[in-house]
Structure formats: structure tokens, C-alpha cells
Amino acid sequence: MLLEYIKQPWPWYISGPLIALVMYLLLKQGKDFGMSNNLRTMCTVLGAGKSSSFFRFDWKTQSWNLLVVLGTAIGGFIAHYFLSDGSAAQINAKSVADLKELGIIDQLQGYLPESIFIFNGSWFQFLILSIGGLLIGFGTRYAGGCSSGHAISGLSNFQLPSLIAVIGFFIGGIIMVHFLFPLIFA
């Protein structure tokens with residue numbers, strides 16, 4: 001019974017308070033949550049401080065956050081291989097119709113259309129993925145953190161820059177989906 005419940009998507013009234021509890025415990029310890037900070041920490045551990053002052057900091061103060069990355073990877077593996085019922089993700093029918101209209105949907109067995117995100121060797125796809133990755137990396141540094149850091153940790157701390165960043169994420173998503181996708185995939 002419990003295992004079947006765990007395999008289903010959790011409702012907001014369960015997952016929301018769990019996220020709030022985790023954030024409360026982190027804030028109580030004076031820690032900020034954010035996945036993008038881990039990239040800086042990993043680069044520092046690997047010696048990037050030799051070539052850039054940005055990576056010269058005491059990474060050991062952030063070692064706890066590396067456990068978050070490890071836990072995310074292990075949790076994702078366990079969820080996919082042991083806690084998944086194998087059914088495709090349930091996506092809104094209008095979203096599926098919109099993706100089909102843009103020609104970027106195939107068998108949609110998860111949240112991402114394979115025709116875009118699984119590299120097939122085409123230069124166009126390579127270019128789109130490379131530019132997207134660079135923009136995400138630049139945007140993350142420029143905004144002072146990633147979407148999870150701003151939306152979960154920053155808003156929990158009542159930080160105005162995080163509120164502005166989250167609003168920007170939504171505006172950027174709307175512009176991308178409604179204006180840029182049709183241009184790129186027309």
C-alpha cells in the first residue's frame with residue numbers, strides 16, 4: 001500500500017510542506033539551497049582557482065551541498081528504477097497538441113520530447129543545445145543562482161532579487177514557448 005502511494009505523483013499538500021520543512025531546517029542552520037552553487041564548488045575542488053579568482057574560496061564550507069547533488073542523483077536513480085510504475089508522464093492534452101503543432105514531439109515518453117533533447121548527431125540540434133546550455137550557464141551566474149535556488153531558497157528568505165528572478169523565469173518561459181519556439185521549429 002505505502003509503496004504504491006510512493007510510486008504515484010505526490011499532491012502539493014504533501015510535497016509542499018516537505019519542501020518547506022527542508023527549507024526551514026536549512027535556514028535554521030544558516031544554509032542556502034541551490035544546485036548551481038555546486039558547479040562552482042566542484043570546479044574549485046578540481047583546481048579552477050588556479051586560473052580564476054571566482055573559484056578561490058573555502059569550498060569545504062559548501063561540502064554539505066555536494067551531498068545534495070549526490071542525493072539528487074541517487075534519488076533520481078532509485079525513483080526511476082525502483083519507484084516508477086513505468087507509465088508515461090501525464091501531460092496536459094493541450095500541451096501535447098501544441099508540441100505536435102510545432103513539430104517537436106515524437107513518442108513523448110517523459111517530460112522531454114526526445115527529438116529535441118536526445119542528441120541525434122545533427123548540427124542544428126547541436127547548435128540549439130550548445131547555445132541553450134551557454135545561455136543557461138550565463139543566466140545562472142548573472143542572476144546569482146538557478147531557478148531552484150531563487151524560487152525555493154531565495155523566496156523562503158524573502159529576497160527581492162529572487163522574486164524578480166522568478167518573475168523573469170516565467171516571463172522568459174512565456175516568450176520562449178509562444179514566440180521563439182514557433183520561429184525556431186517552424
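Among residues two or more places apart in sequence or in another chain, the salt bridge (charged side-chain N to carboxylate O under 4.0 Å, His left out) test is passed with Lys94 by Asp98.
Between Leu18 and Ser15, every side-chain heavy-atom pair lies at or beyond the 4.5 Å cut-off. With contacts defined as side-chain heavy-atom distances shorter than 4.5 Å, the pair Leu127/Ile131 qualifies.
Across every non-hydrogen atom of Ser156 and Met23, the tightest pair is OG-CG, 3.9 Å. Closest approach of Arg56 and Lys50 over heavy atoms only: NH2-O, 3.9 Å.
Summarising the local packing, OH of Tyr24 is surrounded by 12 or fewer heavy atoms from other residues, nucleotides or ligands at distances under 6.0 Å. Heavy atoms of other residues, nucleotides or ligands lying less than 6.0 angstrom from CH2 of Trp10 number 12 at most.
A single hydrophobic cluster is not seen to contain both Val45 and Phe54; linkage of ILVMFWY side chains at heavy-atom distances under 4.5 Å, directly or through other members, places them apart. Grouping the Ile, Leu, Val, Met, Phe, Trp and Tyr side chains by contacts below 4.5 angstrom, directly or via other members, places Leu70 with Ile78. Clustering ILVMFWY residues whenever any of their side-chain heavy atoms sit less than 4.5 angstrom apart, transitively, puts Val69 in the very cluster that holds Ile152. Both Trp64 and Val22 belong to a single network of hydrophobic side chains, linked directly or stepwise wherever heavy atoms of I, L, V, M, F, W or Y lie under 4.5 Å apart. Ile74 and Tyr81 fall within the same hydrophobic cluster, where Ile, Leu, Val, Met, Phe, Trp and Tyr residues are linked whenever their side-chain heavy atoms come under 4.5 Å apart, directly or through other members.
Just one of Thr44, Leu46, Asn65 meets the side-chain contact (heavy atoms from CB on, under 4.5 Å) condition when paired with Trp59; it is Thr44. No option in Thr61, Leu26, Val68 other than Leu26 meets the side-chain contact (heavy atoms from CB on, under 4.5 Å) test with Lys31.
Ser153 OG to Ile19 CD1: the interatomic distance, rounded to the nearest 0.5 Å, is 12.5 Å. Residue Phe158 holds its CZ atom at 9.0 Å from CG of Leu155, rounded to the nearest 0.5 Å. Atom CZ of Phe77 and atom OG1 of Thr72 lie 15.0 Å apart (nearest 0.5 Å).
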Just do the side chain to side chain contact (heavy atoms under 4.5 Å, CB included) check on Phe57 and Gln62 with the steps written out, would you? CA-CA 10 Å; Phe57 74 101; Gln62 292 295 314; 4.1 Å; yes
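A donor-acceptor distance shorter than 3.5 angstrom exists from the side chain of Ser51 to the backbone of Ala48, with no hydrogens or angles considered.
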Could you go through residues 159-181 and list every donor-acceptor pair under 3.5 Å that involves a side-chain atom there, pairing it with any protein atom two or more places apart or in another chain?
from	atom 1	to	atom 2	distance (Å)
Ser162	OG	His150	ND1	2.9

